[in-house]
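Structure first, commentary second.
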Amino acid sequence: MEIDKNFKGYKTWKEGSKQTIIGEPGDTKEDAIKFMHAHLDYFDLRGDFTFNAGNIVQNGNEFIFTMNRLGHVQVPRKFRLGNGVQVEID
């Protein structure tokens, strides 16, 4: 796997964006993880995005990463308090 220095797709990433990496035959999930870390470092994105290695989907030599934005907190719009009261956030 080699970094495409002209890659601009990261500019459209947001929480939950999918990024597909096509490896060489025989590349492992560990190889793809190392590549994605190098990719984040090369484009100076390590402080902005990360991924959960346990959520990588592999299909042969294709690896699909779900990008997570660092500092992003998902707040549920509806939730229940311990006493059964439901609260909704506008």
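Fair warning: this is a prediction, and the values are worked out from it, not measured in the lab. Only heavy atoms go into these numbers, but all of them, side chains included; no hydrogens, no water, no symmetry mates.
- Its side chain within the 4.5 Å cluster rule, Ile64 clusters with Val57 among the Ile, Leu, Val, Met, Phe, Trp and Tyr residues.
- Residues passing the side chain to side chain donor-acceptor pair (under 3.5 Å) test with Lys18, sequence neighbours excluded: Thr66.
- Every residue meeting the side-chain contact (heavy atoms from CB on, under 4.5 Å) condition with Asp4, not counting sequence neighbours, appears here in chain and number order: Asn6, Phe7.
- Other residues, nucleotides and ligands place no more than 12 heavy atoms under 6.0 Å from the NZ atom of Lys14.
- Legend: salt bridge (charged side-chain N to carboxylate O under 4.0 Å, His left out) pairs involving residues 23-40, not counting sequence neighbours: none detected.
- Both Ile3 and Ile21 belong to a single network of hydrophobic side chains, linked directly or stepwise wherever heavy atoms of I, L, V, M, F, W or Y lie under 4.5 Å apart.
- Qualifying ring pair (Phe, Tyr, Trp, His ring centres under 6.0 Å) partners for Tyr42, counting only residues two or more places apart in sequence or in other chains: none.
- Remark: Phe49 pairs with Trp13 by the ring pair (Phe, Tyr, Trp, His ring centres under 6.0 Å) rule, at least two apart or across chains.
- Other residues, nucleotides and ligands contribute over 12 non-hydrogen atoms within 6.0 Å of the CG atom of Asn52.
- With rounding to the nearest 0.5 angstrom, the OG1 atom of Thr50 is 12.5 Å from the CZ atom of Arg69.
- Two rings, from Phe51 and His37, have their centers less than 6.0 Å apart.
- Taking 4.5 Å as the limit, some side-chain heavy atom of Tyr10 sits within range of a side-chain heavy atom of Leu45.
- With rounding to the nearest 0.5 Å, the separation of OG1 in Thr28 from CG in Asn61 is 11.5 Å.
- The NE2 atom of His39 lies 6.0 Å from the CE atom of Met36; values are rounded to the nearest 0.5 Å.
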Chi angles and distances behind the side-chain contact (heavy atoms from CB on, under 4.5 Å) call for Leu70, Glu15:
CA-CA 9 Å; Leu70 289 171; Glu15 178 68 18; over 6 Å; no
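- Panel note: side chain Gln19, backbone Phe65; no donor-acceptor pair is recorded below 3.5 Å.
- Annotation: salt bridge (charged side-chain N to carboxylate O under 4.0 Å, His left out) contacts involving residues 45-67, sequence neighbours excluded, comprise Asp41-Arg46.
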